[in-house]
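Worksheet: one structure, shown below.
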Number of protein chains: 2
Amino acid sequence: MSLTTVAGPPLLTHMPHHSTPLDLAFHALSDPTRRAVVSRLAEGEVPVSVLAEPFDMALPSFAQHLKVLEDCGLIASEKRGRSRWCRLVQTRFNEAADWMETERRSWAGRLDRLEVYLDKAERK
Amino acid sequence: MSLTTVAGPPLLTHMPHHSTPLDLAFHALSDPTRRAVVSRLAEGEVPVSVLAEPFDMALPSFAQHLKVLEDCGLIASEKRGRSRWCRLVQTRFNEAADWMETERRSWAGRLDRLEVYLDKAERK
DNA sequence: CAGATACTAAGGTATATGCCTTAGTATATT
DNA sequence: AATATACTAAGGCATATACCTTAGTATCTG
């Protein structure tokens, strides 16, 4: 028998995925159920059971979606009696929306510069 | 021995996940590498190898990210010689950005109505 | 207090994601 | 033609996601 170290499988040293708030927010919004919840909460506070009604899904599954939304800070909730009431949280949502608007403007900016360039070229 | 059917595990009949364009766009934006690519492409067309430079990642891994972006319509690409040149596609990005702005306004709308209500209540 | 209601915890399955490596193919460059 | 460059294909691994079910725990209602 041998006690020498046999070449084992290669060690994978992946960093555990460390997500930023923006990552988490966009991920949360990538699911139609969760977007629907966000939309619905524009009308104010709603208890979980009422939020869940429109969805053909077991309640624990729906609750997972709420957890995703809450973990990333898009919604907050509070238990009152036996119901949990959910509401939107503006700040996180705005961070994502602002990122998108910034990109949109940045792109428009390039087009503007291109137009200026074409204008000049034309006038030659 | 018995040939009678033993109660097997319950058959799972999940529909294969059918994602909408909005689902795919938000999913694509949930990764920092992909958002960086989108940001970078605001400056215009860029070949894959140049796009990939800043990232500490094997090229095939990076190419996967580009595929996600292209599959969901956020970018388009074209091969010229041995390089593939990528550019942003405005429409898909705008769909996502518009959804966010609509939500933002919808929420603001509620706050406005609340203010009106509080105003009235105050004046009583 | 018994039963209904509204979650919540725990654990299971199928699929997807994000990375990797190795091995191509197509197009320059020398 | 030989080599280098720029991807592209294929397959593997660890973890995450999106559902599910079953079994709790609180909190009302009668």
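Every heavy atom of this structure was used, including side-chain atoms; hydrogens, water molecules and symmetry mates were not. Order of the sequence lines sets the chain letters (A, B, ...), proteins ahead of strands, with each chain counted from 1.
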Here the distance between atom P of dA18(D) and atom CZ of Phe55(A), to the nearest Å, is 14 Å
For residues 34-83 of chain B, the ring pair (Phe, Tyr, Trp, His ring centres under 6.0 Å) pairs (sequence neighbours left out) are Phe55(B)-Phe62(B)
### dT17(C) OP1/OP2 closer than 4.0 Å to side-chain N/O of His27(A)
no
| said: Could you check whether any side-chain heavy atom of Arg104(A) comes within less than 4.5 Å of a side-chain heavy atom of Asp98(B), counting everything from C-beta outward? | reply: yes
In whole angstroms, the gap separating C1' of dT17(D) from CE of Met57(A) amounts to 12 Å
Taken in chain and number order and not counting sequence neighbours, the residues that satisfy side-chain hydrogen bond (donor to acceptor under 3.5 Å, both in side chains) with Ser49(B) are none
Sorted by chain and number, sequence neighbours left out, side-chain hydrogen bond (donor to acceptor under 3.5 Å, both in side chains) with Arg82(A) holds for none
Here the distance between atom C1' of dT17(D) and atom CG of Leu24(B), to the nearest Å, is 15 Å
Ser61(B) meets the side-chain hydrogen bond (donor to acceptor under 3.5 Å, both in side chains) criterion, sequence neighbours left out, with none
Sorted by chain and number, sequence neighbours left out, ring pair (Phe, Tyr, Trp, His ring centres under 6.0 Å) with Phe93(A) holds for none
Within residues 45-52 of chain B, the residues having a heavy atom closer than 4.0 Å to DNA chain D are Val48(B), Ser49(B)
Taking five pairs at each terminus, the helix from dC1(C)-dG30(D) to dT30(C)-dA1(D) shows an axis bend, to 10°, of 20°
Residue set satisfying side chain to side chain contact (heavy atoms under 4.5 Å, CB included) with Arg84(A), at least two apart, ordered chain then number -> Val48(A), Ser77(A), Lys79(A)
To the nearest angstrom, the CG-C1' distance between Asp23(B) and dA18(D) comes to 13 Å
Residue pairs meeting salt bridge (charged side-chain N to carboxylate O under 4.0 Å, His left out), one or both in residues 63-78 of chain A, sequence neighbours left out, come to Lys67(A)-Asp71(A), Glu78(A)-Arg80(A)
Hits for side-chain hydrogen bond (donor to acceptor under 3.5 Å, both in side chains) against Ser39(A), two or more places apart or cross-chain, chain-then-number order -> Glu103(B)
For Trp99(A), the ring pair (Phe, Tyr, Trp, His ring centres under 6.0 Å) test, sequence neighbours excluded, returns Phe26(A)
Expected list for residues 60-87 of chain B near DNA chain D, using heavy atoms below 4.0 Å, is Pro60(B), Lys79(B), Arg82(B), Ser83(B), Arg84(B)
